[in-house]
**Student:** 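Dropping the structure in here first, questions after.
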Amino acid sequence: MKFNLRVSKQTESTDKDNITLYWPWYNNSTDQELIGLKRDQLNKTKDTNPITYCVKDGRVGLFGWNMIRPESKTVVLTAREVDVMALLQDCKAAALALPQGLTALPPELLPQLETFDNIILWLGDDVRARQAAIQFGKKLNLKRCYIVRKSTDSALDTPFTPLSLLNEGKHLGEILESSLKLRHDKIITFCDIRSDVWYELYHSDEIEGLRWERYPDLSRLLKGYRRGELSIYTGQTGSGKTTLLSELSLDLCIQNVCTLWGSFEISATRLAKTMLRQYSRVDLEDNNKLFETWADKYESLPMYFMNFYGATKIEDIIDTMRYAVYMYDVEHVVVDNLQFMVSLEFENDKYYVQDKIVAALRRFATEKDVHVSLVVHPRKERDDFILEKSSVYGTAKAIQEADNILILHSNPGQAKALEVCKNRFDGTLGLVRLQYNPIDSTFSNRNSSGSGRNILAL
C-alpha cells in the first residue's frame, strides 16, 4: 500500500468487532525513516475508540510524509489520516495528518513544516475546528497559512471533511483553490469575518459551546463552555469549590479540551488524586488493583498542572499560561485562587492589586482565546448568609469583567447548590442542585436522565 497502513482484526469471538489500524509516521528527510506509529482501535459497539502512540525517541510524527515530494512547497494539514488519503486520491495534493487531531499541534513538529511556503488548514468546519485552525495558524505563521471553510451557500448540516466531500463526488482541488488566507488578528474587514457571521447565524447550537456531559442541568443554563471567556467561582471556605471545579474541568478534558490547572492551596498530587477518583467513579482506596488501569487512562488526558504552591506572582502565572498555550495548545486554564496572588503584591491598596490581576486574566482570555476559570473567595459574611453576586470579594471590577459568575451554596441545613448569577452569553440564570458523593469526590449524578428537574430558574 502507498501509505504503508497496517490493519489488524481480532479473531477471538469476544472481540470480533475490533479492528486496529496502525498509521505510520515517517520523518521528512529523504531516507524516510519510520519514527513511530499511531494505533487506532475501532470498535463498532463503543462510542469512543482508544488511540495510543508507539514512538521512537519520544518523537511524534505526521502521517503522509512518505507520499510528499521533496520539491513540494504547499501542504494541506488535516485532523484525520483518512482525509490525507482522500486528498491524494482525488487531486494528488501534498497532505499531512496531525497526530492529535484538533487537540494540539506539538511544537516539535514545527521545524518539519518550515520547508513549506504555504500551509492550508483543512480541519473541518465546526466551532472547534475553526478555533483550532486559527490557533495552529498563529504557531505556523499567519502570513503563510490558509483555511478551508464552507461557503455560505452550502447545506448547513453537510460534513465538511475531504473524505465526506469526496464520497459526495466533490472536486477537492477546486475547494482547496477557494481557501482563505488567515487574517491578521488585529486588523479585519467584514469580508474577513463574513464566513464567521454566517456560521454564527446558522450554527447557533455549536456557538453555544461544548456542553458538560456530567452536568446537563448546568449546560442548560450556561449553554456550554466557550473559549475567550472569564468565569468566576465563589463560595464559602470549605464549601467544595476546588472539588467541584476539578470535576467540571475533568468533564471537559475527557472531551479533549486541553486544560491547565493552577492550584495554590493544594498540591498537584492531591489534586490529581481527587481527579483520578472522579474520573474512575470507584473507591480506589478499597480497590488498589484498579489503580494502574485508571491511572493509564487518566494519563492519556490532555491535562497539565502548574508547579506552584502558596503565594505566587501574577507575572509568573501569566508567563506559565502563555507557555502552555503555545506548547500544548491549552484551551482552558483554572486558577485557584485569586487571594493567593494578591497576598504577594506590595502595593498598599489590595483592591487595586486585585483589579490589576483580574484585568490581566481577562486580557489573557481574550487575546489567547482560552477560557479562564478563576476562584475568588467571598466577602466575610455570617455562616447563615446566602451569598449573592455582590458577595464576590473586592471591587465591582471582577463582577464587571467576568462573563459568568457561579456561586457554590453550602448553607447549614440546606442541600448544596450551584447558582449561575451572571451569564453574559444569553442571560439565563438559575440554580443547579448538587449532591456530594464522598466515595469518589463527585458532585454530579451519574444516573442523571437530563430531565432538568434539578434546575430552579431565577
Side-chain angles (χ1 to χ4, degrees), residues 208-209 212 215 217-249 265 314 332-342 349-366 371-434 436 443 452 454-458:
E208 289 177 349
W212 287 274
Y215 292 87
D217 294 334
L218 179 61
S219 293
R220 288 189 186 91
L221 294 176
L222 284 179
K223 302 302 181 289
Y225 145 91
R226 293 170 292 274
R227 294 173 66 157
E229 292 189 349
L230 171 65
S231 295
I232 287 180
Y233 292 78
T234 192
Q236 296 287 9
T237 301
S239 60
K241 298 183 294 295
T242 301
T243 304
L244 174 63
L245 195 47
S246 168
E247 189 179 12
L248 287 171
S249 63
E265 287 190 338
I314 181 61
H332 183 202
V333 179
V334 183
V335 181
D336 182 15
N337 61 61
L338 175 64
Q339 275 71 16
F340 272 84
M341 294 179 283
V342 173
D349 189 346
K350 58 184 178 181
Y351 296 118
Y352 167 77
V353 173
Q354 175 173 321
D355 288 350
K356 183 177 72 172
I357 294 172
V358 170
L361 294 173
R362 165 76 268 176
R363 184 167 56 252
F364 185 90
T366 302
H371 191 113
V372 176
S373 296
L374 174 66
V375 176
V376 182
H377 287 316
R379 303 175 188 274
K380 295 295 183 182
E381 306 281 8
R382 302 189 315 272
D383 290 341
D384 59 346
F385 182 82
I386 298 178
L387 299 178
E388 52 192 25
K389 184 166 60 176
S390 60
S391 300
V392 175
Y393 185 83
T395 68
K397 186 173 182 63
I399 299 174
Q400 294 168 352
E401 293 279 17
D403 295 285
N404 311 294
I405 297 179
L406 299 95
I407 302 175
L408 179 57
H409 294 288
S410 183
N411 297 85
Q414 298 181 15
K416 287 183 182 290
L418 182 65
E419 179 187 356
V420 176
C421 61
K422 182 179 181 180
N423 175 2
R424 182 170 283 159
F425 180 75
D426 74 349
T428 304
L429 307 179
L431 201 69
V432 178
R433 300 197 184 280
L434 304 173
Y436 180 67
F443 283 98
N454 290 322
I455 290 183
L456 293 179
L458 299 180

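The chain is numbered in sequence order, starting from 1.
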**Student:** Test Y436 against T243 for side-chain contact (heavy atoms from CB on, under 4.5 Å), laying out the working first.
**Tutor:** CA-CA 10 Å; Y436 180 67; T243 304; 4.1 Å; yes
**Student:** L406 and L218: side-chain contact (heavy atoms from CB on, under 4.5 Å), yes or no, with the steps?
**Tutor:** CA-CA 10 Å; L406 299 95; L218 179 61; 3.9 Å; yes
**Student:** Does some side-chain heavy atom of V376 sit less than 4.5 Å from a side-chain heavy atom of Q339?
**Tutor:** yes
**Student:** Would the distance check show the side chain of R226 and the main-chain N or O of G224 forming a donor-acceptor pair, the cut-off being under 3.5 Å?
**Tutor:** yes
**Student:** Please check this pair: side chain of D336 against backbone of E265, looking for a donor-acceptor N/O pair closer than 3.5 Å.
**Tutor:**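 Between the backbone of E265 and the side chain of D336 there is no qualifying donor-acceptor contact (under 3.5 Å).
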**Student:** Once you round to the nearest 0.5 Å, how far does CD of Q236 lie from CD1 of I386?
**Tutor:** 11.0 Å
**Student:** What distance do N337 atom CG and I232 atom CD1 have between them, rounded to the nearest 0.5 Å?
**Tutor:** 12.0 Å
**Student:** Taking all heavy atoms of L222 and all of V420, pick out the closest pair and write down the distance.
**Tutor:** CD2-CG1, 3.7 Å
**Student:** Classify the angle between the aromatic ring planes of H332 and H371 as parallel (below 30°), tilted (30 to 60°) or perpendicular (above 60°).
**Tutor:** perpendicular
**Student:** Work out which heavy atom in L221 is nearest to a heavy atom in D426; give both atom names and the distance.
**Tutor:** O-OD1, 4.1 Å
**Student:** Any donor-acceptor pair under 3.5 Å linking the side chain of S373 with the backbone of S231?
**Tutor:** no
**Student:** Checking R379 now: which residues fulfil salt bridge (charged side-chain N to carboxylate O under 4.0 Å, His left out) with it, not counting sequence neighbours?
**Tutor:** none
**Student:** Quick one: closest heavy-atom pair of G235 and P378, and the distance?
**Tutor:**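 Minimum heavy-atom separation between G235 and P378: O-CD, 3.1 Å.
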**Student:** Do Y215 and L434 make a side-chain contact, defined as non-hydrogen atoms from C-beta onward lying under 4.5 Å apart?
**Tutor:** yes
**Student:** Could you go through L244 and K416, starting from their C-alpha distance and side-chain angles, then the distance that decides it, and tell me whether this counts as side-chain contact (heavy atoms from CB on, under 4.5 Å)?
**Tutor:** CA-CA 11 Å; L244 174 63; K416 287 183 182 290; over 6 Å; no
**Student:** I'd like to know whether Y393 forms a side-chain contact (heavy atoms from CB on, under 4.5 Å) with L338, so could you lay out the CA-CA distance, the side-chain angles of the two residues, the decisive distance to 0.1 Å, and finally the verdict.
**Tutor:** CA-CA 10 Å; Y393 185 83; L338 175 64; over 6 Å; no
**Student:** With a 4.5 Å limit on heavy-atom distance, are the side chains of K389 and C421 in contact?
**Tutor:** yes
**Student:** Rounded to the nearest 0.5 Å, what separation is found between the CZ atom of F443 and the CG atom of L408?
**Tutor:**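 Taking CZ in F443 and CG in L408, the distance rounds to 6.0 Å.
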**Student:** Going from CG on N423 to CG on L429, what distance comes out if it is rounded to the nearest 0.5 angstrom?
**Tutor:**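 So the CG of N423 and the CG of L429 are separated by 6.5 Å.
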**Student:** Can you tell me how far CD1 of I357 sits from CD of Q354, rounded to the nearest 0.5 angstrom?
**Tutor:**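 Here the rounded value is 7.5 Å.
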**Student:** If a pair satisfies salt bridge (charged side-chain N to carboxylate O under 4.0 Å, His left out) and one of its residues is in residues 391-402, list it, with sequence neighbours excluded.
**Tutor:**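 Counting only pairs at least two positions apart or across chains, the salt bridge (charged side-chain N to carboxylate O under 4.0 Å, His left out) contacts touching residues 391-402 are K397-E401.
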**Student:** So which atom in H409 and which in L431 form the shortest heavy-atom distance, rounded to 0.1 Å?
**Tutor:**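 Where H409 meets L431 most closely, the heavy atoms are CD2-CD1, 3.9 Å.
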**Student:** Taking the basic N atoms (NZ, or NE/NH1/NH2) and the acidic carboxylate oxygens, is any pair closer than 4.0 Å for D403 and R362?
**Tutor:** yes
**Student:** Look up atom CZ in F364 and atom CG in L230, then write down how far apart they are to the nearest 0.5 Å.
**Tutor:** 12.0 Å
**Student:** Is a side-chain N or O of K422 found less than 3.5 angstrom from the main chain of I399, in a donor-acceptor match?
**Tutor:**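 Yes: the side chain of K422 pairs with the backbone of I399.
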**Student:** Mind listing the closest non-hydrogen atom pair of I314 and A360 along with its distance?
**Tutor:** CG1-CB, 4.4 Å
**Student:** Is there any salt bridge (charged side-chain N to carboxylate O under 4.0 Å, His left out) pair reaching into residues 236-246, and which pairs are they, with sequence neighbours excluded?
**Tutor:**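 Residue pairs passing salt bridge (charged side-chain N to carboxylate O under 4.0 Å, His left out), neighbours aside: none found.
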**Student:** Identify the heavy atoms of A365 and V372 that sit nearest to each other, and give their distance.
**Tutor:**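 For A365 and V372, the tightest heavy-atom pair comes out as CB-CG2, 3.8 Å.
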